[in-house]
Amino acid sequence: MTEEKEKSQERIPANFLEQIVEEDITSGKNGGRVHTRFPPEPNGYLHIGHAKSICLNFGLADKFGGKTNLRFDDTNPVTEDTEYVESIKADVRWLGFDWENELYASDYFDQLYELAVQLIKKGLAYVDDQTSEQIATQKGNPNIPGEESPYRYRSVEENLDLFERMKNGEFEDGAKVLRAKVDMAHPNMHMRDPLMYRIKKAKHHRTGDKWCIYPMYDFAHGQSDSIEKITHSICTLEFDVHRPLYDWFIEKLDTFPSHQYEFARLNLTHTVMSKRRLLQLVKENIVSGWDDPRMPTISGLRRRGFTPASIRNFCDKIGVAKRDNLIDVGVLEFCVREDLNKIATRVMAVLDPVKLVITNYPEGQVETLQVENNPEDTNSGHRDVPFSREVYIEREDFMEIPPKKFFRLGPGLMVRLKGAYIVKCEDFVKDEFGNITEIHCTYIPESRSGSDTSGIHVKGTIHWVSAQHAVPAEVRIYDRLLILEDASQVGDDFKKFINPDSLTILDHVLVEPSLKEAELGKNYQFIRKGYYCLDKDSTGDKLVFNRTVGLKDAWAKEKNK
Ligand code: ATP
Ligand code: MG
């Protein structure tokens, strides 16, 4: 267990949900037991909003000595898939959580069917032959009571017979539904004889062709909670209007009294968060896949170089509210920067190289410099970095006519090459278009880092790579997926707001030779440039790096200009 998690064991309620759990334990409710569940529908990859729900559910159980089930809410055969199940499990594990039981609502299809039969026998459910349009028109609106279906008072025997025949596949899709008999005049529309089962002759990713009737969310979800004896069923705010129905099923069926609590869903600026919309981006090739580093999916964030700790800290930091809000994606970036600063290995990479020749450095000589891997971590050690007469530096670190306070290179200016020597610019070469092609410097032999006796102080230190040792690489720089801050207002129109510059590829990058050994899943700070990680598109011939995040928020600066 991490130190962080240990700390959270102290039972100080951090939010209203923890307060409820604390009170329930104190009053001896459910024998002091805490059992939560994370219930994804396997119809897409998890996103950062799900991470909030995961941290909450697993976090509550962790803090109060309880358990958490991972339950796949797989009651819609058309949209669900085993690929999604596998990705969800991998993502939850990667975030650092382990479930008590791996469960599937589809495992309860027999039990749910039996429960539905019980309701029919109690005269509390009926088979309706009307079309979904007819049922919808009869629903009325919150101010006008609904109209009862002509099939509402079918006999129990007839309902039992029809429901069984629905199960046996005797009717076509949509020909009949099973409805709960609640109250067509109820002020809550969800209580106006809601659907419990529909006919759908589709292959299910787990039960195959065994079933052709599938339970609806409200019935299946609540009763799955009861079957698993979940004590605290946590979901997002939009489900608060479903709670009376959740409770109604439990009361009428006299099943385990699970209780539902709602919290505000996470919305992030400059992105969309629903699986349905994310799927559109994937299907229409607007992104390269669910794990495109621009996606707010867990797999996208992982590929981009986010760490599990940074995402957990983010979920902690934004807290749990009862009112919907929009969180600035800058908060997420702050969290990852904070974590990477502690753990990332510092390396040198030149994104836009220009050659620098040290004219008084012996030709053919190579020095091996010992450079600290991470000044923030005393155990991180050192690595060898070769230095020679010709190096590459960042084009932007040289100016022909440098303004005041430009503490980098320009004619006559001195700068330290990181971990190596102080150099002084003597001259430069331009091509016919006026581009600088080579910078000529001299170096001060006594100024070597670690054993500097030169007595010279320079203000600027710049990064570099030795020309003969440099390794070419591609760097992918990501920006916001949407130019729009709040996508919640535009619905499916969000695609009109895709940021055309969300991906920039730099393909002439030179990195220090130690990065030939770069590993997937490891984080690097390209000194002065930001945090980067190796991408899975890398091959033996070509290194590809993703920028996780810049060193500071260039975007905020841009906006405030
Ligand atoms: P989506 O619209 O992205 O498909 P969903 O709510 O339908 O979201 P589920 O797979 O049903 O997705 O969700 C699993 C759990 O994650 C639910 O308890 C849901 O409330 C929670 N969840 C989903 N999105 C968010 C979010 N943005 N913030 C917090 N919790 C979320
Ligand atoms: Mg859903």
Side-chain angles (χ1 to χ4, degrees), residues 15 17 36-61 68-76 78-81 83-89 91-92 95 97 99 103-106 205 215-218 220-222 224-225 228 230 232-243 246 258-282 290 295-301 311-312 314-327 329 331-332 486-488 491-492 494:
N15 56 55
L17 287 171
T36 59
R37 86 287 170 265
F38 173 62
E41 184 183 352
N43 62 349
Y45 281 60
L46 297 183
H47 51 61
I48 181 88
H50 293 113
K52 179 173 176 184
S53 172
I54 292 168
C55 288
L56 254 178
N57 279 297
F58 284 90
L60 275 177
T68 306
N69 289 347
L70 173 62
R71 183 204 312 143
F72 291 97
D73 224 336
D74 56 349
T75 54
N76 184 0
V78 187
T79 52
E80 295 159 5
D81 199 274
E83 175 198 345
Y84 298 137
V85 169
E86 293 309 318
S87 76
I88 289 170
K89 290 199 287 186
D91 287 350
V92 175
L95 276 173
F97 299 105
W99 47 89
L103 302 163
Y104 296 81
S106 57
H205 73 110
M216 304 301 289
Y217 173 87
D218 284 307
H221 189 87
S224 299
D225 282 346
E228 294 173 18
I230 297 302
H232 299 80
S233 175
I234 298 161
C235 62
T236 40
L237 275 187
E238 65 272 22
F239 287 100
D240 74 334
V241 284
H242 296 244
R243 188 169 3 99
Y246 182 102
S258 295
H259 199 85
Q260 177 185 300
Y261 303 89
E262 305 88 19
F263 70 98
R265 66 190 296 122
L266 166 66
N267 295 305
L268 262 193
T269 55
H270 298 288
T271 194
V272 281
M273 199 81 95
S274 102
K275 282 178 279 182
R276 193 171 61 79
R277 300 217 164 100
L278 296 173
L279 179 64
Q280 287 178 46
L281 295 173
V282 174
W290 284 99
M295 292 280 268
T297 50
I298 307 288
S299 48
L301 292 166
I311 295 176
R312 291 197 305 262
F314 169 74
C315 293
D316 243 19
K317 194 181 279 296
I318 57 176
V320 187
K322 267 189 170 174
R323 200 177 286 175
D324 279 325
N325 53 7
L326 180 69
I327 304 284
V329 67
V331 180
L332 181 60
D486 183 359
S488 68
D492 280 337
F494 74 96

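Counting convention: from 1, in listed order, for ligands and their atoms alike. Only heavy atoms go into these numbers, but all of them, side chains included; no hydrogens, no water, no symmetry mates.
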Show your reasoning for whether side-chain contact (heavy atoms from CB on, under 4.5 Å) applies to Phe97 and Leu70.
CA-CA 10 Å; Phe97 299 105; Leu70 173 62; over 6 Å; no
Quick check: does His47 get an N/O under 3.5 Å from an N/O on ligand 1?
yes
By the definition side-chain hydrogen bond (donor to acceptor under 3.5 Å, both in side chains), identify the one residue from Arg37, Glu41, His242 that meets it with His221.
Arg37
Give the atoms of ligand 1, by number and element, whose distance to some non-hydrogen atom of Leu266 is under 4.0 Å.
26 (C), 27 (N), 28 (N), 29 (C)
Number the atoms of ligand 1 from 1 as they appear, then name those within less than 4.0 Å of a heavy atom of Pro39, with their elements.
14 (C), 18 (O)
Look at ligand 1 and say whether Phe239 reaches it with a heavy atom at a distance under 4.0 Å.
no
Among Asn57, Asp73, Thr236, closest by any non-hydrogen atom to atom 19 (C) of ligand 1
Thr236
Heavy-atom gap Arg276 to ligand 1 smaller than 4.0 Å
no
Does an N or O from Glu238, backbone or side chain, lie closer than 3.5 Å to an N or O of ligand 1?
no
Residues Arg276 and Asp492 bridged, charged N to O under 4.0 Å:
yes
Any nitrogen or oxygen of Pro40, side chain or backbone, less than 3.5 Å from one on ligand 1?
no
Heteroatom distance test (Lys52, ligand 1): nitrogen or oxygen, under 3.5 angstrom:
no
Below the 3.5 angstrom mark, is there an N/O of Asn43, backbone or side chain, next to an N/O of ligand 1?
no
Does some side-chain heavy atom of Leu279 sit less than 4.5 Å from a side-chain heavy atom of Trp290?
yes
